[in-house]
A.B. asks: 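What follows is a structure written as structure tokens; I'll ask about it next.
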Amino acid sequence: MASATKTNCIGILTSGGDCPGLNAAIRAVAKAAINEYDMTVIGIQDGFRGLVENRVIHIDAKMVSGILTTGGTILGTSRDKLHKMPMGGKTRDMTKVAVENVKKNHIDCLVCLGGGGTQKNAYRLHEEGGIDVMTLPKTIDNDVSGTDVTFGYDTARQIATDAIDRLHTTATSHHRVIVCEIMGHKTGWLTLSSGIAGGADVILIPELPYDFDVVKEYLLERRRRGSRFSIIAVAEGAIPKEEPAKANKKKKKAKVKENEDTATDVEPPNIVEEPIASKIARRLQELTGIDARVTSLGHVQRGGVPTAFDRWLCTRLGTKAAQLLAKGVYNVMVGYHAGICKPVKLEEVAGIRKEVEPNDPMIVSARLVGTCMGDKNPFA
Ligand code: F6P
């Protein structure tokens with residue numbers, strides 16, 4: 001039997017890079033909202049772009065049945081931001097249009113599933129557009145504050161760990177150094193945890209700039225001590241000691257005002273860059289004379305079925321979201337803290353990146369098992 005609720009209609013969108021668990025989260029929110037609270041659930045396609053273009057679908061219980069284990073997102077996603085959206089060759093602020101469409105669809109609260117960017121965009125929509133929102137923390141990067149863990153992270157960690165395991169056997173056979181590049185944007189959570197789980201010999205993360213000479217000495221010493229292979233797990237955002245300032249420099253971007261007259265030209269798409277692992281492998285091969293190879297895991301880490309933990313986390317977060325929506329609790333992110341799902345004010349989360357602290361217990365453990373973190377040689 002349906003319970004009384006303060007919310008009649010919700011919209012759900014997924015935004016930013018996809019990850020395993022999105023469908024499990026959509027299913028959890030929608031099933032609880034429909035079955036328990038009799039809410040109308042509207043799915044918005046392709047993130048904030050779909051909201052601006054009013055591409056919406058009605059979600060019923062049947063539509064979310066059988067999607068717990070599927071990867072990707074049934075709604076589609078995009079990286080578009082409302083206040084800087086490419087439209088007709090120009091970048092425009094489409095917030096007003098989004099607000100109109102939320103109202104047109106009689107949505108009481110917009111549930112946004114996404115990472116750090118989505119937290120900011122949802123908060124902005126609330127602050128500037130007056131729309132009630134709720135978010136769930138999704139990303140393989142685990143860099144959203146206000147939650148112990150984000151969904152998608154556990155699955156990506158397992159994929160990266162499996163890859164490191166496989167690289168071990170081939171690196172051992174050929175007595176090589178293999179540099180494995182792992183995603184994570186500007187943080188090292190994914191690389192650090194999969195590097196520990198996979199027993200990587202060197203782990204390089206953005207939060208600890210690395211020194212080529214340190215890594216070189218460590219690799220040579222390992223060889224002298226009889227280990228004729230080494231696995232280096234490197235985060236895509238890792239930076240050498242000599243260039244942190246350059247790497248951290250923020251790109252200056254044109255500010256976009258509200259009306260179309262101030263629209264700016266659309267920026268060209270991202271250049272497909274060489275993996276940083278290639279540069280590292282090349283340099284270390286030169287410095288040590290040891291044969292080196294590169295593996296960049298890339299989007300493999302975002303594909304396929306979610307792990308048991310991610311399915312469980314998504315179900316917990318999604319159903320908690322529905323419970324909060326029924327009570328009329330809005331403008332929060334549903335976070336996970338020490339086993340409990342609870343709301344965190346969006347203003348305490350938006351725009352704050354959760355980074356690995358230099359004294360994080362994971363770093364302490366890695367060092368205690370002799371892993372080189374790129375800043376100090378464990379043998380020295
Ligand atoms: O935020 C998730 C993430 O996979 C990051 O780890 C990575 O830097 C980025 O997205 C890749 O984005 P895209 O799919 O747009 O290439």
A.B. asks: Just so I know, are the side chains of Val202 and Leu219 near enough to count as touching, which here means a heavy-atom distance under 4.5 Å?
C.D. replies: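 Side-chain contact under 4.5 Å: yes.
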A.B. asks: Got a second to check how far Asn105's CG is from Ile42's CD1, nearest 0.5 Å?
C.D. replies: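 Interatomic distance, Asn105 CG to Ile42 CD1, rounded to 0.5 Å: 4.5 Å.
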A.B. asks: Have Asp154 and Gln158 got a donor and an acceptor in their side chains that come within less than 3.5 Å?
C.D. replies: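 There is no such pair (donor and acceptor under 3.5 Å, judged by atom type) between the side chains of Asp154 and Gln158.
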A.B. asks: Between Glu53 and Arg55, does any NZ, NE, NH1 or NH2 come within less than 4.0 Å of an OD or OE carboxylate oxygen?
C.D. replies: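 Counted as a salt bridge, because a side-chain N and a carboxylate O are separated by less than 4.0 Å.
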A.B. asks: Please check: side-chain N/O of Thr191 versus main-chain N/O of Gly188, any donor-acceptor pairing under 3.5 Å?
C.D. replies: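 Not confirmed, Thr191 side chain does not pair with Gly188 backbone.
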A.B. asks: Please indicate whether Lys354 has more than 12 foreign heavy atoms, meaning atoms of other residues, nucleotides or ligands, lying under 6.0 Å from its NZ.
C.D. replies: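 Yes, enclosed.
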A.B. asks: Do Val177 and Ile231 have side chains that get closer than 4.5 Å, going by heavy atoms?
C.D. replies: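 No, their side chains stay 4.5 Å or more apart.
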A.B. asks: Taking C-beta and beyond as the side chain, do Met87 and Val52 meet within less than 4.5 Å on heavy atoms?
C.D. replies: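 Touching, per the 4.5 Å side-chain cut-off.
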A.B. asks: Can you tell me how far CG of Leu51 sits from CG of Leu110, rounded to the nearest 0.5 angstrom?
C.D. replies: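 Atom-to-atom, Leu110:CG and Leu51:CG are 6.0 Å apart.
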A.B. asks: Under the 3.5 angstrom rule, does the side chain of Thr187 hit a backbone N or O of Gly184 as a donor-acceptor pair?
C.D. replies: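 Yes; at least one donor-acceptor contact below 3.5 Å.
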A.B. asks: Give the cluster check for Tyr37 versus Tyr330: same hydrophobic cluster or not, with ILVMFWY residues linked at side-chain heavy-atom distances below 4.5 Å.
C.D. replies: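 Result: yes, single cluster for both.
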A.B. asks: Are Met134 and Ile12 connected in a single hydrophobic cluster, I mean Ile/Leu/Val/Met/Phe/Trp/Tyr linked by side-chain heavy atoms less than 4.5 Å apart?
C.D. replies: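 Yes, one cluster joins them.
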A.B. asks: With rounding to the nearest 0.5 angstrom, report the NE2 to CE distance, His58 to Met63.
C.D. replies: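 With rounding to 0.5 Å, NE2 (His58) is 7.5 Å from CE (Met63).
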A.B. asks: Between Thr371 and Arg367 (side chain of the first, backbone of the second, donor and acceptor by atom type, cut-off under 3.5 Å), is there such a pair?
C.D. replies: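 No: the side chain of Thr371 does not pair with the backbone of Arg367.
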A.B. asks: Side-chain heavy atoms under 4.5 angstrom apart, residues restricted to Ile, Leu, Val, Met, Phe, Trp, Tyr: same cluster for Met362 and Val234?
C.D. replies: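 No, separate clusters.
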A.B. asks: Are the side chain of Thr77 and the backbone of Thr14 linked by a donor-acceptor contact shorter than 3.5 Å?
C.D. replies: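 Yes.
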A.B. asks: For Tyr153 and Ser193, test the side chains for any donor-to-acceptor distance below 3.5 angstrom and give the result as yes or no.
C.D. replies: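 Ser193 and Tyr153 do have a side-chain donor-acceptor pair below 3.5 Å.
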A.B. asks: Calculate, to the nearest 0.5 Å, the distance between atoms CD and CZ belonging to Gln119 and Arg353 respectively.
C.D. replies: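 The distance works out to 14.0 Å.
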A.B. asks: Using the rule given for side chain to side chain contact (heavy atoms under 4.5 Å, CB included), can you reason through Met183 versus His299, listing the C-alpha separation, both sets of side-chain angles and the distance that settles it, and then say yes or no?
C.D. replies: CA-CA 8 Å; Met183 279 186 170; His299 294 79; 3.7 Å; yes
A.B. asks: Between the side chains of Glu286 and Arg283, is the shortest nitrogen-to-carboxylate-oxygen separation below 4.0 Å, so that they form an ion pair?
C.D. replies: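 No.
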A.B. asks: Side chain of Arg302, backbone of Gly17: donor and acceptor closer than 3.5 Å?
C.D. replies: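 Pair absent, no side-chain N/O of Arg302 close to backbone of Gly17.
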A.B. asks: How long is the span from the NZ atom in Lys376 to the CG atom in Leu208, to the nearest 0.5 Å?
C.D. replies: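 Result: 8.5 Å between the selected atoms.
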A.B. asks: When you measure from the side chain of Lys81 to the backbone N and O of Thr118, does any donor-acceptor pair fall under 3.5 Å?
C.D. replies: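 Judged by distance alone, no pair lies under 3.5 Å.
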A.B. asks: If only atom types and distance count, is the side chain of Asp148 paired as donor or acceptor with the main-chain N or O of Ala338 below 3.5 Å?
C.D. replies: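 Checked: pair present.
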A.B. asks: Does any N or O in the side chain of Arg27 come within less than 3.5 Å of the main-chain N or O of Leu22, such that one atom is a donor and the other an acceptor?
C.D. replies: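 Side chain of Arg27 to backbone of Leu22: no pair is present.
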A.B. asks: Apply salt bridge (charged side-chain N to carboxylate O under 4.0 Å, His left out) to residues Arg124 and Glu127 and explain how you reach the verdict.
C.D. replies: CA-CA 5 Å; Arg124 188 179 276 124; Glu127 285 286 285; over 6 Å; no
A.B. asks: Under a single-linkage definition using a 4.5 Å side-chain heavy-atom cutoff for Ile, Leu, Val, Met, Phe, Trp and Tyr, are Ile67 and Val305 assigned to the same hydrophobic cluster?
C.D. replies: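 Not linked; separate clusters.
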A.B. asks: Taking everything shown except Glu274 itself, do over 12 heavy atoms lie less than 6.0 Å from its CD?
C.D. replies: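 Enclosed.
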A.B. asks: Aromatic contact between Phe229 and His168, with the criterion being ring centroids under 6.0 Å apart: yes or no?
C.D. replies: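 Distance test on ring centres: under 6.0 Å, yes.
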A.B. asks: Between Asp201 and Arg222, is the closest basic N to carboxylate O distance under 4.0 Å?
C.D. replies: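 Looking at Asp201 together with Arg222, the answer is yes, because their closest N to O distance falls below 4.0 Å.
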A.B. asks: After noting the C-alpha distance and the side-chain angles of His126 and Asn331, does the key distance pass the side chain to side chain donor-acceptor pair (under 3.5 Å) rule?
C.D. replies: CA-CA 7 Å; His126 169 63; Asn331 308 312; 3.1 Å; yes
A.B. asks: Would you tell me whether Asp18 and Thr73 have side-chain atoms, one donor and one acceptor, within less than 3.5 Å of each other?
C.D. replies: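 Asp18 vs Thr73: no donor-acceptor pair found between side chains.
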A.B. asks: Roughly how far, to the nearest 0.5 Å, is the NZ atom of Lys186 from the CD1 atom of Ile205?
C.D. replies: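 So the gap between those two atoms works out to 16.0 Å.
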A.B. asks: With side chain to side chain contact (heavy atoms under 4.5 Å, CB included) as the test, would you mind laying out the steps for Cys19 and Thr155 before giving the verdict?
C.D. replies: CA-CA 9 Å; Cys19 74; Thr155 306; over 6 Å; no
A.B. asks: Passes side chain to side chain contact (heavy atoms under 4.5 Å, CB included), Leu284 versus Ile290? Steps please.
C.D. replies: CA-CA 8 Å; Leu284 289 173; Ile290 305 173; over 6 Å; no
A.B. asks: Give me the atom names and distance for the closest heavy-atom approach of Gly43 to Leu75.
C.D. replies: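 That would be CA-CD2, 3.8 Å.
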A.B. asks: Considering non-hydrogen atoms only, spot the tightest contact between Ile59 and Ala30 and give its length.
C.D. replies: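 Nearest pair, atom of Ile59 first, then Ala30: CG2-CB, 4.1 Å.
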A.B. asks: Does a salt bridge link Arg293 with Glu181, judged by any charged N lying under 4.0 Å from a carboxylate O?
C.D. replies: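 Salt bridge between Arg293 and Glu181, a charged N being under 4.0 Å from a carboxylate O: no.
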A.B. asks: Indicate, with yes or no, if Leu68 and Ile26 share a hydrophobic cluster defined by side-chain heavy-atom contacts under 4.5 Å among Ile, Leu, Val, Met, Phe, Trp and Tyr.
C.D. replies: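 Each belongs to a different hydrophobic cluster.
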A.B. asks: Specify the closest pair of heavy atoms between Glu236 and His185, including all atoms of both residues, with the distance to one decimal.
C.D. replies: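 Minimum heavy-atom separation between Glu236 and His185: OE2-N, 2.6 Å.
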A.B. asks: On a heavy-atom basis, which atom in Ser145 and which in Ile352 lie closest, and how many Å separate them?
C.D. replies: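 Nearest pair, atom of Ser145 first, then Ile352: OG-O, 3.2 Å.
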A.B. asks: Establish, yes or no, whether a centroid distance under 6.0 Å links the rings of Tyr210 and Phe212.
C.D. replies: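 Ring centres of Phe212 and Tyr210 closer than 6.0 Å.
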A.B. asks: Is any side-chain heavy atom of Ile57 closer than 4.5 Å to one of Gln45?
C.D. replies: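 Yes, side chains in contact.
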A.B. asks: Taking only Lys NZ, Arg NE, NH1 and NH2, and the carboxylate oxygens of Asp or Glu, determine whether Arg49 and Asp46 approach each other closer than 4.0 Å.
C.D. replies: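 No salt bridge links Arg49 with Asp46.
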A.B. asks: Does Arg225 count as lying over the ring of Phe379, i.e. NZ or CZ under 6.0 Å from the six-ring centre, within 45 degrees of the axis?
C.D. replies: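 Yes.
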A.B. asks: Between Asn23 and Gly71, what is the shortest heavy-atom contact and its length?
C.D. replies: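 Closest approach of Asn23 to Gly71: ND2-O, 3.1 Å.
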A.B. asks: A side-chain contact here means heavy atoms from C-beta on lying under 4.5 Å apart; do Asp132 and Asp108 qualify?
C.D. replies: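 No - every pair of side-chain heavy atoms lies 4.5 Å or more apart.
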A.B. asks: Are the side chains of Glu357 and Glu207 in touch, meaning some heavy atoms are under 4.5 Å apart?
C.D. replies: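 The answer is no; the side chains never approach within 4.5 Å.
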A.B. asks: Heavy-atom distance under 4.5 Å between the side chains of Glu100 and Asn54, does that happen here?
C.D. replies: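 Contact flag for Glu100/Asn54 side chains = no.
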A.B. asks: Please answer whether the main-chain N or O of Thr150 pairs with a side-chain N or O of Asn142 as donor and acceptor at a distance below 3.5 Å.
C.D. replies: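 Checked: pair present.
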A.B. asks: Closest approach of Cys341 and Val334, non-hydrogen atoms and distance?
C.D. replies: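 Taking every non-hydrogen atom into account, CB-CG1, 4.3 Å.
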A.B. asks: So do Val179 and Leu204 actually touch side chain to side chain, heavy atoms under 4.5 Å?
C.D. replies: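 Leu204 does not reach Val179 side chain to side chain.
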A.B. asks: Test side chain to side chain contact (heavy atoms under 4.5 Å, CB included) on Thr5 and Asp38 and set out the steps.
C.D. replies: CA-CA 8 Å; Thr5 174; Asp38 215 8; 5.7 Å; no
A.B. asks: Measure from the side-chain N and O atoms of Glu128 to the backbone N and O of Leu125, and report whether any donor-acceptor pair falls under 3.5 Å.
C.D. replies: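 Flag not set: sc Glu128 to bb Leu125 has no pair under 3.5 Å.
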